[in-house]
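I'd like to ask you about the structure that follows.
Side-chain atoms are counted along with the backbone in the values below, which use heavy atoms only and exclude waters and symmetry mates. Predicted model, so just to flag it, every value in this text is computed and none were measured.
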Amino acid sequence: MILVKIYVTLKDSVVDVQGEAIKDATHTMGYPNVSEVRMGKYFELKFDDNAEHLEQDVDEICDGLLANPNIESYRYEIAEEA
Amino acid sequence: MILVKIYVTLKDSVVDVQGEAIKDATHTMGYPNVSEVRMGKYFELKFDDNAEHLEQDVDEICDGLLANPNIESYRYEIAEEA
Amino acid sequence: MKFAVIVFPGSNCDMDLYYAVSKGIGQEADLVSYKEESLDGYDGILIPGGFSYGDYLRSGAIASHAPIIKEVIRLANEGKPVLGICNGFQILTEIGLLPGTLTNNRQNCFICKQVELVVENNKTIFTNKYNLNEKIIIPIAHGEGRYYCDEATLRELNENNQVIFRYGQNINGSVEEIAGITNKQGNVLGMMPHPERAIESILGSDDGLKLFKSMLETQKNGVHI
Amino acid sequence: MSEPTPAQIKKEKIYQTWGLSDSEYKLISEKILGRLPNYTETGLYSVMWSEHCSYKNSKKVLRKLPNDSSRVLAGPGEDAGIIDIGDNQAVVFKAESHNHPSAVEPYQGAATGVGGIIRDIFSMGATPIALLDSLKFGPIDNDQTKHLVKEVVAGIGGYGNCIGIPTIGGEITFEKCYEKNPLVNAMCIGLLDNTQFKHGQASGNNNLIVYVGSTTGRDGIHGATFASDEFSNKKKKQRSAVQVGNPFIEKLLMDACVEIIQEHSDWILGVQDMGAAGLVSSTAEMASKAQSGLMLNLDNVPQREADMSAYEMMLSESQERMVLCIKPEFEDAVLDFFEAYNLDAVIIGKVTSDKQYKIYHQNKLVVDIPIDSLTEDVPEYDHHGIKPARFENDDTQFEPELESFKESWMNILKSPSIASKSYLYETYDSQVKSNTVVRPGSDAGVVRIRGTKKAIAATNDSNSRYVYVDPYIGGQITVLEAARNIVASGGIPVGITDCLNYGNPEDPEIFWELDQSVQGIADVCNKFDVPVISGNVSLYNEFNKEAIYPSPMIGMVGLIEDISHITTSSFKNSGDLIYLLGSTGNDFNGSEIQEQQLGTVQGKLNEIDLDVELNNQQLILKAIKNNLLKSCHDLSDGGLVAAISESAFENMLGFNIQTSLTAKQMFSETQSRYLVTIESKDKKSLEKIFKDNFECLGFVTNDSVFSIHTSDNEMDIELSEALSNWKEAIPCLMK
Ligand SMILES: Nc1ncnc2c1ncn2[C@@H]1O[C@H](COP(=O)(O)OP(=O)(O)O)[C@@H](O)[C@H]1O
Ligand SMILES: [Mg+2]
């Protein structure tokens with residue numbers, strides 16, 4: 001079993017409405033020192049061991065599905081699993 | 001400036017309706033070796049340097065805002081930034 | 001004129017579109033499953049609103065991998081009219097037939113209400129029955145309807161008159177109040193508001209009817225652009 | 001970890017922690033089984049004998065409610081009741097509470113509440129056509145309540161919008177007593193185009209039991225007993241019971257179930273949703289109703305988590321699951337049918353003739369009990385009611401102080417319970433399916449029935465202040481208010497569903513409130529010939545022993561015979577004449593203005609003359625059928641002040657009125673009144689219908705001013721100022 005951790009984040013040029021709302025909420029909660037919040041997505045995908053072109057597959061899944069290239073970018077880490 | 005990366009994931013016992021739908025989609029896309037998908041949230045919070053009880057603050061923000069303790073758990077990493 | 005209304009798992013405005021075509025303009029419409037692999041014989045493609053695949057992950061993202069999509073792209077490239085409403089618009093951007101992206105409303109919640117739209121371009125196959133700058137009342141019902149694109153794309157949309165509808169007031173944070181756009185060729189329209197819910201005055205407005213009539217008019221008499 | 005043995009369960013009284021009393025346990029082991037129940041069996045009894053599933057504390061009271069009329073095709077007992085609306089069509093509706101789950105996890109609690117009530121409707125083979133919701137929270141003056149409101153509303157919208165059923169109405173009120181015990185009631189209405197509905201029955205030896213839908217996990221285990229339990233600080237650990245809704249799967253299930261029932265009724269004998277107490281309650285009820293037994297093999301149940309015990313599987317409340325009973329010769333057809341919808345369906349058991357409930361898990365027989373004992377042998381409790389002390393010294397009639405007429409007027413408009421809720425309900429899709437003629441914002445929501453001239457009006461109403469002040473009259477008022485909303489929209493009330501939300505019924509004072517208010521509801525239903533065809537009881541709504549106000553919620557459905565009768569509450573044109581139908585007394589006890597000025601509600605309520613009420617309803621309907629009314633609005637909270645302002649707002653019109661009422665009486669909440677407008681040419685015709693008992697107040701204007709002349713006062717109010725008080729109150733508080 002192979003575990004792939006994928007992080008999808010909004011490109012810097014795109015306003016993050018949810019992040020902004022969360023930042024405001026942290027201030028109301030009494031944490032004025034939070035100066036920026038960006039919200040992204042985090043995925044854990046498990047692959048059966050026999051994945052041959054793992055990196056290529058992951059790239060394709062990210063480009064085609066998990067991230068929207070117009071507004072998002074992604075990175076990932078591959079970890080073996082028991 | 002301090003950068004905190006926060007990962008919020010559904011507890012294992014909670015059904016991940018989005019993850020299931022994404023898994024099915026990866027199969028349609030031709031990656032049958034994806035055996036599980038879990039979807040979570042990823043946050044990047046920037047704190048002004050003068051954060052005194054940083055860990056405590058982050059815990060409070062996570063518990064009270066970013067994660068729903070009924071169904072989610074979280075972990076985080078703290079990194080200095082330029 | 002024969003329309004295909006594409007039905008994805010989770011589409012929920014498919015019947016509304018079906019009625020808009022069959023009752024509203026008296027034309028033939030078929031509900032066509034996302035599983036189908038051919039759209040031969042259809043003169044127009046309609047992609048309905050709703051929550052395809054629950055809108056999980058990102059609205060329209062999963063639907064863009066359905067088998068039928070290849071055919072939608074083929075017909076679009078052949079110049080057939082393709083109309084995506086709400087979730088349909090989101091799907092059209094996901095598959096790249098239209099530029100930009102629909103993201104969370106500025107208010108960060110779903111909004112359902114009657115809104116005013118301004119017809120920005122009435123020389124299209126979808127809007128030739130409207131007057132230029134006509135103000136029409138059409139309902140919206142979406143949570144992810146804030147149109148976003150980068151500056152270059154925006155410039156191009158404006159230069160090519162691809163912005164077809166703008167909101168009278170910026171209702172959800174869309175760039176330049178954009179509510180609906182076409183592709184460069186003008187045969188693919190995506191819009192967040194629901195013209196198919198505005199075809200009978202008893203339901204609050206019949207301003208959407210002209211959109212469907214425009215498509216029919218074009219089919220009969222060609223486009224007067 | 002191994003399960004406790006039967007002897008341990010008895011010795012350590014483990015059953016008590018699951019809500020079974022000593023005497024109930026004794027009844028099970030000594031009378032029913034003649035042996036000690038094992039762990040799984042004890043679990044089954046504890047959920048099936050909970051108040052939520054068995055109504056053991058409320059059955060006696062519920063029998064007061066009439067459930068028959070010439071239109072009733074099915075009453076309580078099925079997943080939902082059915083009302084004939086002619087032309088071989090029927091409406092199916094029910095309301096359900098999800099109070100405790102929403103208190104714990106507001107988004108998912110509310111969402112799964114909506115999901116659950118929708119399943120109750122489509123399991124009858126009906127196509128859901130509308131949703132409503134009744135919500136009660138504490139005052140929005142703290143972050144916790146704001147969070148609760150935001151999440152509950154988001155959960156309701158999240159589910160309803162996604163599945164594509166319009167939310168056409170509801171109510172939202174704020175009261176201190178709901179601070180820790182919010183109420184979340186949801187109602188669904190379905191349309192049956194063929195009145196040959198399916199009973200949820202599992203009959204006929206060797207017929208098969210099919211499981212379809214989502215996988216089973218450990219979610220919501222003991223949700224049903226949890227819903228029947230009082231709430232306190234200590235119980236935070238119950239958070240593990242959270243269920244997560246998947247409206248996407250539910251949409252597939254809904255479409256599939258409606259189709260299989262409508263198109264392939266020969267394949268199936270029964271369909272039931274898995275709601276509270278999941279697999280056990282759905283299968284046991286289906287078999288018990290059909291006088292059959294049932295054999296289930298849990299190894300076939302699709303499982304999401306590893307190593308689930310039989311107990312966990314039987315009690316799981318995982319969402320979006322249904323059970324069907326089918327004929328064996330159609331096994332393949334049924335499984336293929338669901339496959340085409342991308343739904344997992346499996347055979348998990350069969351019907352037997354021995355009336356036993358036999359459950360196998362990992363090749364062992366883990367349950368072997370008489371199936372009827374779960375549903376039929378529940379002891380019924382006859383509680384004793386005592387009139388609470390607050391009803392002593394209650395003969396005073398409150399008199400409001402009007403230091404400033406204008407300020408009092410504005411205070412009514414910005415009171416959260418009266419102020420516009422559009423900020424909240426605009427997050428619900430109210431139009432999907434293109435049948436909604438009247439969206440939230442008028443008196444009742446209205447959906448037309450495509451292909452006919454008919455439409456359905458529906459409303460959710462409760463007025464717990466009045467029920468608190470006088471349970472009997474308050475119960476009456478709740479039904480009357482609902483009926484007026486239907487009538488004002490042009491409909492004839494045809495049926496009711498209810499959610500009876502109360503505190504702990506073992507407290508005699510609370511039981512008295514329950515008993516009295518249900519009597520009030522029943523008496524009005526009988527008088528008006530409106531049956532209660534379904535409903536739900538939610539007791540133990542207490543937090544640290546503080547009970548909510550007695551809060552019966554009435555979901556009423558009306559039939560509009562011709563869409564041309566549909567009437568809304570908003571003024572239409574300047575120059576139209578404004579009439580008040582019904583006489584106004586000094587009714588300030590229990591009113592909004594009393595609450596505002598005293599900080600509480602109290603005092604005696606005047607008796608209601610049901611003949612006058614009925615007569616006024618008929619006059620309104622007659623005027624509507626004669627096409628006279630341009631608008632019609634019933635008077636409720638906030639009296640004439642609220643009603644006339646609300647009517648003016650939608651089309652931004654003003655009015656000029658001159659009334660024989662005093663300024664104070666403008667705030668009176670006397671029952672049985674309506675505010676209507678007509679074109680001036682129709683003056684004679686209207687007055688002929690109304691006969692007496694009305695007052696022509698004045699006329700609608702387009703000069704953006706409310707001009708008010710009472711017998712003892714006069715003032716002008718700017719429309720814009722009134723509007724912003726009413727419209728901005730909720731958004732401001734929510735910020
Ligand atoms: N939770 C809700 N969901 C949908 N509509 C709502 C909700 N709350 C209030 N509304 C709508 O707001 C309007 C006013 O509600 P309310 O003051 O309770 O009406 P009434 O006093 O006539 O019963 C109604 O149209 C009602 O349907
Ligand atoms: Mg009303």
Side-chain angles (χ1 to χ4, degrees), chain B residues 1-48 57-77 81, chain C residues 6-14 32-39 47-74 84 86-88 90-97 101-105 107-110 142-144 146:
Chain B
M1 194 75 84
I2 301 165
L3 176 69
V4 182
K5 298 178 175 182
I6 303 170
Y7 309 87
V8 176
T9 46
L10 281 174
K11 290 180 184 163
D12 282 344
S13 56
V14 175
V15 53
D16 180 0
V17 295
Q18 307 209 66
E20 306 248 317
I22 296 168
K23 187 181 80 184
D24 291 347
T26 60
H27 295 177
T28 335
M29 284 171 77
Y31 305 98
N33 51 345
V34 177
S35 60
E36 197 183 321
V37 178
R38 305 280 292 172
M39 177 167 167
K41 292 172 192 151
Y42 171 66
F43 300 91
E44 292 181 349
L45 269 65
K46 288 196 184 143
F47 284 79
D48 294 338
D57 287 3
V58 174
D59 274 320
E60 284 170 14
I61 292 174
C62 288
D63 281 328
L65 186 67
L66 301 184
N68 175 347
N70 293 327
I71 53 175
E72 293 169 329
S73 50
Y74 64 89
R75 63 190 167 82
Y76 56 87
E77 295 155 17
E81 254 220 351
Chain C
I6 314 289
V7 185
F8 296 95
S11 294
N12 65 29
C13 304
D14 42 341
V32 178
S33 161
Y34 70 105
K35 292 181 189 164
E36 296 298 326
E37 302 199 336
S38 164
L39 283 169
I47 309 182
F51 287 71
S52 56
Y53 298 90
D55 269 0
Y56 295 149
L57 177 60
R58 205 173 54 240
S59 45
I62 299 182
S64 69
H65 293 280
I68 194 79
I69 292 297
K70 273 201 203 101
E71 279 292 278
V72 173
I73 294 173
R74 179 175 72 84
C86 199
N87 197 230
Q90 294 162 339
I91 293 169
L92 289 173
T93 62
E94 282 286 336
I95 62 182
L97 281 177
T101 306
L102 284 315
T103 61
N104 288 61
N105 291 347
Q107 300 86 332
N108 222 344
C109 63
F110 193 95
H142 59 245
E144 295 176 36
R146 182 170 59 101

Does a sphere of radius 6.0 Å around NZ in Lys70(C) hold more than 12 heavy atoms from other residues, nucleotides or ligands, not counting ones at 6.0 Å or beyond?
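Atom NZ in Lys70(C) is not packed in, count stays at 12 or less.
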Compare every heavy atom of Ala25(B) with every heavy atom of Ile62(C), then report the nearest pair and how far apart it is.
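Shortest heavy-atom separation between Ile62(C) and Ala25(B) comes out as CG2-CB, 3.6 Å.
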I need the Arg58(C) CZ to Ile22(B) CD1 distance, nearest 0.5 Å.
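Output value for this atom pair is 9.0 Å.
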Starting at NE2 of His65(C), measure out to CG of Asp24(B) and round the result to the nearest 0.5 Å.
13.0 Å
